[in-house]
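Here is the structure we will look at, set down as C-alpha cells.
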Amino acid sequence: MHIHILQQISVLWSMFHALVLFLILFRSRYSARKTFLLSACFVVPLVILNIVILALRGGDVDGAGKLFMLTCSLPSMAGFYLLAADRNAGFLFTFCLTNTWAYWIVSVSSLFDYFFHGHGYIMAFTDLLIFPFLEWLACSRVRRPFQKLQEETKKGWGVFAVMSVVYYMLMFVNGFFPVPVVERRQDIPAYLLVLILMPCTYATIFVSLYRQHLLFSSRQNDRILRDQKKQLEARLENQFRIQKLQHDMRGNVLVLAGLLAAGEVEKAQEYLSIVGVKIDSECGRYCGNPYLDAVFDYYDRRFSEQGIPLELDIQVGGEALPDEELLCQILANGLSNAYDALCGLLPREREASVQMR
C-alpha cells in the first residue's frame, strides 16, 4: 500500500515540477502575474484530471502513465502555446526539453528503486530532492542565457525540436509499451542505454546552441565595431579639416590685415566674401553640431562618389545634445544601411534624403 502511495506522489510531483521548469524557461507574451494566473486556469484542471484517472485505476501508476501524454502533455503544450512569445520550433524544443528531463528523472529513480528494493522510498526521496535542485539550477544559470538565445535566434530550432520529440517518444514507448519496462527484464539494458544517451544528446544540443549564440553575438559586435570605426574616421577627418581651416585662416587674417593697413577696404571686403564662401564649402557645415557634421559630411561624400543624390534638411543648432554618441551611432547606422541598399539599385533609382529636427 505504501509503495503505491509513494509512486503516486512521485508521479504527481514530477508532473507539477515539469510544468514549473517549463514556466521558468519559456518566454511568455504576458506579464509574470498574468502568465501564472492563465497557466493555473488550465494546469490545475489537468492535474485534477490525472488524479481522478489515477484513482479510477486503483492507483495503477503504470496504467495511468500510458495515458499521460493524452491527459497532460499534449493539452498543457496547447495551453502554453497560446501564452508563448515564441511560437516556433523553439517553443516545441523547450516544452519537450522540460518534459523529457522530468520523465528521465522519474525513470532513473524508479529503476534505482526497483533494483535496490527501495519499496518506493528511494523513488520518492530522489524526486523530492532533484526537482527543486534542477529548478534552482534553471533559475540561476540557465534561464537568462536560454531566454536570450530564444529571443535572438529565430531559426535553427527545427532539428533540435525534432530530436527532443523523438527522445520523448522513445523513452515513453520503451518505458510503458506493451507493458512497463520492469516487467520486460530483457529490455532493461536497451532502456538504460537510452537513458544514458539522452543527457549526452542534450549536452550536444546545448553546445551547438551556445556556439550559435556566440556566432550571432560576434557578428553583432563586428557590426558595432565597424560603425564605431566609421564614426571615428569621420570625426578624425573633420578635425583635420578644422585644423587645415585654422592654418589657412592665419594666412587670410594676414592678408586682410595688410589690405586694411593699406586702406584697401573694398578689396578687403571682396576678399572676405571669397574666403567666407570657401570656408562654407570646405567645412561641410550641415547643422552646427561638430559631431553630427562629421557624420553627415562623411556620408555625403560617400553618396556623392557613387552618384547618389542626397538631400539633407537638418535643423539642430550648435548647442550640446544629450547622448550625442548614441545619436551619431543611430545616424551612422541608418545612413550606412541606406548606402548599402541604394548601391544595389540601378543608378536612376538611387535617391536619398534625411530630414532632422
[X] to [Y] - nearest heavy-atom pair and separation:
X	Y	answer
Met171	Ser107	CE-OG, 4.4 Å
Ser164	Phe93	OG-CD1, 3.1 Å
Gln306	Cys343	CG-SG, 4.2 Å
Phe146	Leu25	CD2-O, 3.8 Å
Tyr202	Thr100	OH-OG1, 3.6 Å
Asn99	Ala18	OD1-CB, 4.3 Å

Take Leu335 and Tyr339, measure what side chain to side chain contact (heavy atoms under 4.5 Å, CB included) needs, and give me the verdict at the end. CA-CA 6 Å; Leu335 289 168; Tyr339 177 83; over 6 Å; no

Under the side-chain contact (heavy atoms from CB on, under 4.5 Å) rule, collect the residues that match up with Ile105, sequence neighbours excluded. Asp127, Ile130, Phe131, Leu134

Using 30° and 60° as the class limits, which term best fits the ring planes of Trp101 and Trp104: parallel, tilted or perpendicular? perpendicular

Could you tell me which residues satisfy ring pair (Phe, Tyr, Trp, His ring centres under 6.0 Å) with Phe115, sequence neighbours excluded, listed by chain and number? none

Could you pull out all residues at least two apart from Tyr167 that satisfy ring pair (Phe, Tyr, Trp, His ring centres under 6.0 Å)? none

Test item: side-chain donor near acceptor, Ser28 and Thr35, under 3.5 Å: yes

Residues clustering with Trp136 (ILVMFWY side chains joined when closer than 4.5 Å, directly or via others): Phe133, Leu137

Could you walk me through whether Leu82 and Leu38 pass the side chain to side chain contact (heavy atoms under 4.5 Å, CB included) test, one step at a time? CA-CA 10 Å; Leu82 299 176; Leu38 292 174; over 6 Å; no

Report yes or no: do [X] and [Y] belong to one cluster of Ile/Leu/Val/Met/Phe/Trp/Tyr joined by side chain heavy-atom distances under 4.5 Å?
X	Y	answer
Met77	Tyr103	yes
Leu310	Met356	yes
Val173	Leu170	yes
Leu197	Met169	yes
Val159	Tyr168	yes

Atom pair [atom1] ([X]) and [atom2] ([Y]), whose distance is rounded to the nearest 0.5 Å:
X	Y	atom1	atom2	answer
Arg184	Asn174	CZ	CG	6.5 Å
Ser76	Leu19	OG	CG	5.5 Å
Ser304	Tyr299	OG	OH	14.0 Å
Thr94	Trp157	OG1	CH2	6.0 Å
Leu37	Lys34	CG	NZ	10.0 Å
Leu111	Ile188	CG	CD1	6.5 Å

Okay, side chain of Asp86, backbone of Asn88: is any donor-acceptor separation there less than 3.5 Å? no

Short side-chain to backbone donor-acceptor contact, Arg27 and Ala85, under 3.5 Å: no

Those residues that, when tested against Thr98, pass side chain to side chain donor-acceptor pair (under 3.5 Å) (two or more places apart): none

Apply side chain to side chain donor-acceptor pair (under 3.5 Å) to Asn337 and list each qualifying residue two or more places apart in sequence or on a separate chain. Arg223

If we only count heavy atoms from C-beta on, is the Leu331 to Phe296 side-chain gap below 4.5 Å? yes

Using side-chain heavy atoms (C-beta onward) and a distance below 4.5 Å, is Val207 in contact with Thr204? no

Ring centres under 6.0 angstrom apart (Phe26, Phe95): no

Would you say the ring centroid of Phe91 lies under 6.0 angstrom from that of Tyr81? yes

How about CD on Gln186, more than 12 heavy atoms from neighbouring residues, nucleotides or ligands closer than 6.0 Å, or not? yes

Let's go through Trp13 and Val106 carefully: what are the C-alpha distance in whole Å and the side-chain angles of both, what is the deciding distance for side chain to side chain contact (heavy atoms under 4.5 Å, CB included) to 0.1 Å, and is it a yes or a no? CA-CA 10 Å; Trp13 180 260; Val106 172; over 6 Å; no

CA sep, side-chain torsions, deciding dist, call: Asn333, Ile330, side chain to side chain contact (heavy atoms under 4.5 Å, CB included): CA-CA 5 Å; Asn333 288 340; Ile330 293 173; 5.7 Å; no

